[in-house]
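Note that these values count all heavy atoms, side chains included, but never hydrogens, waters or copies made by symmetry. Throughout, numbering of the chain's residues begins at 1 and tracks the sequence.
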Amino acid sequence: MEHKFWVVTLFCLLFLSPLVSCQLNYRFYDATCPNLTRIVQSGVWSAIANDSRIAASLLRLHFHDCFVNGCDASLLLDDTGSLIGEKNAPGNKNSVRGFEVIDTIKSNVEEACPSTVSCTDIITLVSRAAVYFSGGPYWPVPLGRRDSTTASENAVKEQLPSPFEPLENITAKFTAKGLDIKDLVVLSGAHTIGFAQCFTFKTRLFNFGESGKPDPTLDASLLQNLQSLCPNQADSDTQLAPLDPVTSTKFDNIYFKNLVNNSGLLQSDQVLMGNNRTASMVFGYSKLPFLFYRDFGASMVNMANIGVLTGSNGEIRKNCRAVNKKTTA
């Protein structure tokens, strides 16, 4: 028994990210909720069948939760009289979606395994299923996270990367979470699916760098199409454009090929080609999709273990939108 303890300890020290708690376990719910993965995948499959955009939204929801004080499902909490949540913070309001999908899956999980599975673990499994059902990779996910009892609107403003920020700022925010520049490039590849609102890239079309002109690096054909979709007027701000116009609902490596061809939609994506180190990774992933798939799974595990609550920390919410009510003896 002692020998096994030291083997596990050595594994944690040598092979897991410093962010990964060794209290997480790939078989955490095998005995307490054996049908968990099936319930989650069924819910995600149904959601995608009803709305092809939802896969990208669910993946993004996971990212927006983990980057603000860690993966703890704080993003799911509704505002109350005593708590200002994260849903209405800049970067999330009228942008992050998919909460109802999580609600439905959580309800089904609660029916099968009451008060057992955290909302945080559900988000983690949902994001994997969303990628897989969009044609992407499937990776092992260690489980055992618990849910926060609080949220922070200010932390969203401070910690969440923005599409308007330069690469140095975004890199610094990744580094602050224990992630590296490779994780940044790989996780940016999530933009192979989904859409962005026009206001997030409109300056590239009409007034790049306060020049009064378009971004000169933007592919001319793409520029023309985007200017038609997003005219230079306020009422086009919420129009949607595909992050990858070639295969907007298929998880593949076309995103990286687009960057190589100066056809990245967001400035925060295209800027990856302006740095020698990140550009070399972009070139590699544009040529080797299986390398991207392998590294994406690894980076998703790294991200899913940012600041996790385990053991007796946090709680297992019954309703993902609200902290559990305290019971009095």
Could you walk me through whether Arg294 and Ser299 pass the side-chain hydrogen bond (donor to acceptor under 3.5 Å, both in side chains) check? CA-CA 9 Å; Arg294 184 200 69 185; Ser299 288; over 6 Å; no

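- Rounding to the nearest 0.5 Å places OG of Ser152 at 9.5 Å from CG of Leu83.
- Asp219 and Asn262 share no donor-acceptor pair across their side chains, judged by distance under 3.5 Å alone.
- Leu187 and Met300 make their closest contact through CD2-SD, 3.7 Å (heavy atoms, listed as atom of the first residue, atom of the second, distance).
- Of the N and O atoms on the side chains of Thr120 and Asp147, at least one donor lies less than 3.5 Å from an acceptor on the other residue.
- Summarising the geometry of Leu265 relative to Ala241, their closest heavy-atom pair is CD2-O, 3.9 Å, with the distance given to 0.1 Å.
- Taking the centre of each ring, Tyr138 and Tyr293 stay at or above the 6.0 Å mark.
- Using a 3.5 Å distance cut-off with no hydrogens or angles, the side chains of Asn258 and Ser263 do not pair a donor with an acceptor.
- The ring of Tyr255 has its center no closer than 6.0 angstrom to the ring center of Tyr285.
- Environment of NZ in Lys202: crowded, with over 12 heavy atoms of neighbouring residues, nucleotides or ligands closer than 6.0 Å.
- Side-chain contact check for Asp244 and His191: no donor-acceptor pair (N or O, by modelled atom type) lies under 3.5 Å.
- By the salt bridge (charged side-chain N to carboxylate O under 4.0 Å, His left out) test, Asp78 is found to be paired with Lys87, Arg321, residues two or more places apart in sequence or in another chain being considered.
- A donor-acceptor pair shorter than 3.5 Å can be found between the side chains of Arg97 and Ser57.
- In this model, no donor atom of one side chain and acceptor atom of the other lie less than 3.5 Å apart for Arg60 and Ser127.
- No donor-acceptor contact under 3.5 angstrom links the side chains of Gln197 and Asp237, judged on distance only.
- With Gln270 contributing its side chain and Gly264 its backbone, the two residues share a donor-acceptor pair below 3.5 Å.
- Environment of CD in Gln233: crowded, with over 12 heavy atoms of neighbouring residues, nucleotides or ligands closer than 6.0 Å.
- Looking at Asp121 and Lys106, no side-chain N of the basic residue comes within less than 4.0 Å of a carboxylate O on the acidic one, giving no salt bridge.
- Environment of CZ in Phe206: crowded, with over 12 heavy atoms of neighbouring residues, nucleotides or ligands closer than 6.0 Å.
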Show your working on ring-ring contact (aromatic ring centres under 6.0 Å, His included) between Phe174 and Phe67 and close with a plain yes or no. CA-CA 8 Å; Phe174 270 70; Phe67 258 78; 4.8 Å; yes

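- Within a 6.0 Å radius of NZ in Lys173, more than 12 heavy atoms belonging to other residues, nucleotides or ligands are found.
- Around atom CD of Gln224, no more than 12 heavy atoms belonging to other residues, nucleotides or ligands sit under 6.0 Å away.
- The environment of CG in Asn94 is sparse: at most 12 heavy-atom neighbours from other residues, nucleotides or ligands sit within 6.0 Å.
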